[in-house]
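Read the structure below first, then the notes.
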Amino acid sequence: MVEVDRVIANRLDTGVPLVSEVSRYIISAGGKRLRPALLLLMSGALEYKGTQHYNLAAVIEFIHTATLLHDDVVDESTLRRGRPTANESFGNPASVLVGDFLYSRAFQMMLDAHDMRVMEILAEATNIIAEGEVLQLMNMHDASLDEAAYLRVIRSKTAKLFEASTRLAAVLAKAPPEVEEACATYGQALGTAFQVIDDVLDYAGDANETGKNLGDDLREGKTTLPLILAMQRGTDEQRALIKAAIEAGDTTQLPQIVAIVKQTGALEATRAAAAAEAQRAIDALPALARNQHAEGLLQLAAQLTERRA
């Protein structure tokens, strides 16, 4: 990761001061760097001996950061990772345009791999992520959203970049097709579990630990799995309360809604759904050789549902 950070710092060098300032602001915000770490871990698990994984890990982080910049503008978010969002600090126009810069710089860097398959994976991932963002926008304030539609959004918007990270490692290592698919399955399942737990934390987390305002999803009118399951399991009165809050983006009833989500068992059921995805990730790992990197991937999936931030 030290080497990846070096690549990131070098490729953020630009003659436009505002681009560098905004980019460094969000990239230095103390994020988990989970997606680039996945690419490095999977490369190690497949015993890849080259250096291109550092470059592609930085590409993945740039794409992820660009999506965060755009997301926060769309969602009108004010807090991320415990500090003001870039749009709160620099304004919406700067955030959107610097996000565009990070996308374009990522595509420049992809060319360094001299591999059309790498380009295909990253181009497809970026396109599907954008589709997921639009799907989520269309679903805003829609209390009738079901679990299948919810999963479609998070597998596009969040899990796709996890999947691309682990698939890229297999491509770099020239792994056989069945191993590449196992790597991709691991990434997709892990990314899905990660987002499901993220949605749990919006109703059961500690703002000091999560670094974001609790109830943000509700304020934005997002119908996430805890709310879907709470409406399925609750009384007519409870269902009507949650439905009205989603449709209006109203957090004034947040304490009551949190209580309903807990009383109906929706939080436990959502955690169970995340655990099932984490297990799906673990089940994909036997296709890999056993070494410390593969063990790290196993441990990551096993501990994911316990995360608090």
Requested in this report: Using the test ring pair (Phe, Tyr, Trp, His ring centres under 6.0 Å), find all partners of Tyr150 that sit at least two apart in sequence or belong to another chain.
Outcome: none
**Report entry** salt bridge (charged side-chain N to carboxylate O under 4.0 Å, His left out) partners of Glu268, counting only residues at least two apart
**Finding:** none
**Report entry** Side chain to side chain, Leu145 and Thr224, heavy atoms closer than 4.5 Å
**Finding:** no
Query - Stepwise side chain to side chain contact (heavy atoms under 4.5 Å, CB included) check, Asp202 with Asp217 - result: CA-CA 7 Å; Asp202 203 56; Asp217 287 348; 3.1 Å; yes
Query raised in the report: With sequence neighbours excluded, what pairs up with Glu47 under the salt bridge (charged side-chain N to carboxylate O under 4.0 Å, His left out) test?
Result: none
Query raised in the report: Hey, mind stepping through Leu218 and Leu227 against side chain to side chain contact (heavy atoms under 4.5 Å, CB included) and telling me if it holds?
Result: CA-CA 9 Å; Leu218 183 60; Leu227 296 185; 4.0 Å; yes
Query raised in the report: Checking Asn139 side chain against Leu135 main chain: does a donor-acceptor pair fall under 3.5 Å?
Result: yes
Report summary line: So OG1 of Thr65 and CZ of Arg24: to nearest 0.5 Å the spacing works out to 12.5 Å
Report task. Give the intermediate values and the outcome of side chain to side chain contact (heavy atoms under 4.5 Å, CB included) for residues Met119 and Leu111. Result -> CA-CA 8 Å; Met119 291 289 290; Leu111 294 171; 4.1 Å; yes
Query raised in the report: When you measure from the side chain of Asn87 to the backbone N and O of Thr78, does any donor-acceptor pair fall under 3.5 Å?
Result: no
Query raised in the report: Taking the six-membered ring for Trp, are His53 and Tyr48 parallel (under 30°), tilted (30 to 60°) or perpendicular (over 60°)?
Result: perpendicular
Query raised in the report: How are the rings of His70 and Tyr103 set relative to one another: parallel (under 30°), tilted (30 to 60°) or perpendicular (over 60°)?
Result: tilted
Requested in this report: Answer with yes or no whether the side chains of Asn291 and Glu295 bring together a donor and an acceptor at under 3.5 Å.
Outcome: no
Query raised in the report: What pairs with Glu247 under salt bridge (charged side-chain N to carboxylate O under 4.0 Å, His left out), at least two apart in sequence or on another chain?
Result: Lys243
Query raised in the report: Using 4.0 Å as the upper bound for N to carboxylate O, is an ion pair formed by Arg35 and Glu61?
Result: no
Report task. Would you check if the side chain of Gln238 reaches a backbone N or O of Thr235 as a donor-acceptor pair within less than 3.5 Å? Result -> yes
Query raised in the report: Would a distance-only check, ignoring hydrogens and angles, find a side-chain to backbone donor-acceptor pair under 3.5 Å from Ser77 to Leu79?
Result: no
Query raised in the report: Heavy-atom count around Glu76 CD within 6.0 Å, excluding the residue itself: above 12?
Result: no
Report summary line: Applying side-chain hydrogen bond (donor to acceptor under 3.5 Å, both in side chains) to Thr252 and not counting sequence neighbours gives Asp250
Query raised in the report: Excluding sequence neighbours, so at least two apart, what forms side-chain hydrogen bond (donor to acceptor under 3.5 Å, both in side chains) with Lys262?
Result: none
Report task. Please list all pairs passing the salt bridge (charged side-chain N to carboxylate O under 4.0 Å, His left out) test where one or both residues lie in residues 146-159, with sequence neighbours left out. Result -> Asp71-Lys157, Arg155-Glu277
Query raised in the report: Are any non-hydrogen side-chain atoms of Val7 and Met109 less than 4.5 angstrom apart?
Result: yes
Query - Pairing residues for Glu120 by the salt bridge (charged side-chain N to carboxylate O under 4.0 Å, His left out) criterion, not counting sequence neighbours - result: Arg117
Query - Qualifying salt bridge (charged side-chain N to carboxylate O under 4.0 Å, His left out) pairs with a residue from residues 1-17, counting only residues at least two apart or across chains - result: Glu3-Arg6, Asp5-Arg33, Arg11-Asp112
Requested in this report: Without swapping roles, check the side chain of Thr166 against the backbone of Glu163 for a donor-acceptor pair under 3.5 Å.
Outcome: yes
Report task. Report whether Val96 and Leu69 are members of the same hydrophobic cluster (ILVMFWY, side-chain heavy atoms less than 4.5 Å apart, transitive linking). Result -> no
Query - For the student: nearest non-hydrogen atoms of Ser23 and Leu12, plus distance - result: CB-CD2, 3.5 Å
Query - Pairs meeting criterion salt bridge (charged side-chain N to carboxylate O under 4.0 Å, His left out) with involvement of residues 228-240, two or more places apart - result: Asp236-Arg239
Query raised in the report: Under 4.5 Å between any side-chain heavy atoms of Met110 and Asn55, yes or no?
Result: no
Requested in this report: With sequence neighbours left out, write down each residue that passes side-chain hydrogen bond (donor to acceptor under 3.5 Å, both in side chains) with His293, or none if nothing qualifies.
Outcome: none
Requested in this report: Take atom CD of Gln292 as the centre, draw a 6.0 Å sphere, and report whether it contains more than 12 heavy atoms from other residues, nucleotides or ligands.
Outcome: no
Requested in this report: With sequence neighbours left out, write down each residue that passes side-chain contact (heavy atoms from CB on, under 4.5 Å) with Leu300, or none if nothing qualifies.
Outcome: Leu34, Leu38, Tyr186, Leu190
Requested in this report: Check whether any side-chain heavy atom of Thr270 lies under 4.5 Å from a side-chain heavy atom of Leu229, and answer yes or no.
Outcome: yes
Query raised in the report: Are Lys222 and Asp75 close enough for a salt bridge, meaning some N to O gap below 4.0 Å?
Result: yes
Requested in this report: For Ser104 and Phe101, indicate whether the former's side chain and the latter's backbone hold a donor-acceptor pair under 3.5 Å.
Outcome: yes
